[in-house]
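Only one structure is covered here, and it is reproduced in the block below.
Along the sequence shown, residues carry numbers from 1. Values below: every heavy atom of this structure, side chains too, minus hydrogens, waters and symmetry copies.
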Amino acid sequence: MVHVALKNISKVYPNGVRAVQPTSFKIEKGEFIVLVGPSGCGKSTLLRMIAGLEEITEGELSIAGRVVNDIDPAERDIAMVFQNYALYPHMTVYNNMAYGLRNRGMPKAEIDAAVTQAASMLNLKEYLDRRPSQLSGGQRQRVAMGRAIVRNPALFLFDEPLSNLDAKLRGQMRIEIKALQRRLGVTSVYVTHDQVEAMTMADRIIVLNQGRIEQIGTPAEVYHQPASTFVASFMGAPPMNLLPARYNGNGRVHLTDEVSVHAPQSVDYTGDIHLGVRPENIGVVEAGHPGALPFNLDFIEELGAGRLLHGRVADRGIVVHLPHTAPVPSGEVYIDLPQTSLLMFNPATGVRL
């Protein structure tokens, strides 16, 4: 069942800057959607238009079958969790969570029950009498989530909620937020610039670039079948290798006149391309291996769980990701670019062929 629908939604500011190009997509009930992209790509503007905090210039937005373009934020049945928590510093945790319910005139007994239930879910029961200044960053974020949960909204909106936390706590909170969303079954839209958050949390990812959608898909689809060179280079750490090459329609991709590999597929295109391959799909092989390419190793970057080999093939820079169990290469090194792991992109448009 479609729960949120955007139809040609766009945002143009008075100075003429178009922050969001005409954008259309649908979100199913209970789905966890992540909007991801670099700073300034329009993801937070798009979220704020869904929330009603930013006016929609063109297009139609509906939530639960109701067009909400002209509906106040308070009437949209949404709850939003902000990057800076937005807690009242003079109020206790209990009162921060109960504030919105009191404003709606909910009876005290129902408020107590809602706050207690949310606090129990979020392991906050022992902190209900404390103020935000007495809490850690992770605990404050839980309070902000608790304040959203008690409202029992039809839609959760998250605006980079973990960006102020350290790396370890971010990882922990990612798991907690996703587990909580699954437990509650609430449709959620989550904004981040962190592609790891997007990959680990989303049911589907929407990749944005310069105010327009580059790709919509599951984490696996976006990672393994990127629609463009932008998606290929943005999703993944390290990103996909994109090697300048040429495709002549003869079944092979030529890095140079002398160095070529099997093309991943036959396409109705000839000319310059970018050949894409993920670092972890490249293997180090023996010199006599079919398809072995001489690899000029420049340096090795140790990661603990693996290692990155930085070097060149046919004078093209390339990164190889090996597991830590693989032997450290020495002497003459050869690599294999598996045909099934290769992608071809149009260098002029960036679109995958």
Side-chain angles (χ1 to χ4, degrees), residues 195-196 199 215 217-348 350-353:
Q195 49 95 13
V196 175
M199 290 291 297
Q215 186 171 0
T218 65
E221 289 168 345
V222 168
Y223 186 81
H224 295 293
Q225 295 294 322
S228 66
T229 51
F230 175 83
V231 178
S233 58
F234 186 79
M235 303 300 293
M240 179 176 283
N241 294 292
L242 295 170
L243 311 177
R246 186 168 182 82
Y247 178 66
N248 295 328
N250 59 357
R252 297 192 69 81
V253 173
H254 296 266
L255 299 174
T256 68
D257 290 340
E258 295 78 25
V259 180
S260 65
V261 296
H262 284 291
Q265 79 273 1
S266 177
V267 295
D268 185 20
Y269 174 93
T270 58
D272 292 338
I273 66 163
H274 280 150
L275 184 67
V277 59
R278 290 285 180 193
E280 64 272 20
N281 291 333
I282 303 172
V284 174
V285 296
E286 299 294 332
H289 185 278
L293 300 173
F295 178 65
N296 295 317
L297 178 61
D298 293 329
F299 66 95
I300 299 174
E301 188 177 0
E302 291 290 349
L303 303 177
R307 57 178 60 92
L308 300 180
L309 311 184
H310 296 262
R312 289 163 289 115
V313 166
D315 207 30
R316 282 137 174 85
I318 194 167
V319 178
V320 180
H321 188 182
L322 297 181
H324 76 281
T325 52
V328 179
S330 60
E332 292 186 346
V333 182
Y334 295 85
I335 62 172
D336 175 44
L337 307 183
Q339 182 181 8
T340 55
S341 298
L342 300 178
L343 299 172
M344 296 191 295
F345 299 88
N346 184 318
V351 174
R352 178 161 55 89
L353 298 171

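For R307, the salt bridge (Lys or Arg N to Asp or Glu O under 4.0 Å) test picks out E302, with sequence neighbours left out. Partners of H289 under the ring pair (Phe, Tyr, Trp, His ring centres under 6.0 Å) rule, at least two apart in sequence or in another chain, do not exist in this structure.
Of the inter-residue distances, the one linking E332 atom CD with E286 atom CD reads 11.5 Å to the nearest 0.5 angstrom. In this structure, L337 CG and H262 NE2 are separated by 11.5 Å, a value rounded to the nearest 0.5 Å.
Under the 4.5 Å side-chain criterion, counting only non-hydrogen atoms from C-beta, F299 is not in contact with L297. V277 has its side chain out of reach of L343: every pair of non-hydrogen atoms, C-beta onward, lies at least 4.5 Å apart. The side-chain heavy atoms of P347 and D272, taken from C-beta on, include a pair separated by under 4.5 Å.
Looking at every heavy atom in both residues, F345 comes nearest to G350 through CD2-O, 3.7 Å. Shown here for P294 and V313, the closest heavy-atom pair between the two residues is O-CG2, 3.7 Å. Closest approach of A292 and A287 over heavy atoms only: CB-O, 3.7 Å. In terms of heavy-atom proximity, T256 sits nearest to A314 at CG2-CB, 3.8 Å. Contact between H254 and D257 at its shortest, heavy atoms only, is ND1-O, 4.4 Å. Smallest separation of non-hydrogen atoms from P238 and L308: CG-CD2, 4.0 Å.
Here the side chain of N346 pairs a donor or acceptor atom with the backbone of A348 at under 3.5 angstrom. Looking only at distances, a side-chain donor or acceptor of Q339 sits under 3.5 Å from a matching main-chain atom of A263. Distance alone, capped at 3.5 Å, places no donor-acceptor pair between the N296 side chain and the G311 backbone. In this structure a side-chain-to-backbone donor-acceptor pair under 3.5 Å is present from N241 to V319. Looking only at distances, a side-chain donor or acceptor of R352 sits under 3.5 Å from a matching main-chain atom of P226. Side chain of Q215 to backbone of Q225: a donor-acceptor contact under 3.5 angstrom is found. Between the side chain of R252 and the backbone N or O of S260 there is at least one donor-acceptor pair closer than 3.5 Å. Judged by distance alone, with hydrogens and angles left aside, the side-chain atoms of R316 form a donor-acceptor pair with the main-chain N or O of L255 at under 3.5 Å.
Residue pairs that meet the ring pair (Phe, Tyr, Trp, His ring centres under 6.0 Å) test with at least one member in residues 217-248, sequence neighbours left out, are F230-F234.
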Please assess M344 against V253 for the test side chain to side chain contact (heavy atoms under 4.5 Å, CB included), listing each intermediate value before the final yes or no. CA-CA 9 Å; M344 296 191 295; V253 173; 3.7 Å; yes
Evaluate the criterion side chain to side chain contact (heavy atoms under 4.5 Å, CB included) for residue pair V231 and M240; output intermediate values, then yes/no. CA-CA 9 Å; V231 178; M240 179 176 283; over 6 Å; no
Candidate pair V261 and L342, rule side chain to side chain contact (heavy atoms under 4.5 Å, CB included), full reasoning: CA-CA 10 Å; V261 296; L342 300 178; 4.0 Å; yes
Derivation of the side chain to side chain contact (heavy atoms under 4.5 Å, CB included) call for I335 and I318: CA-CA 11 Å; I335 62 172; I318 194 167; 4.2 Å; yes
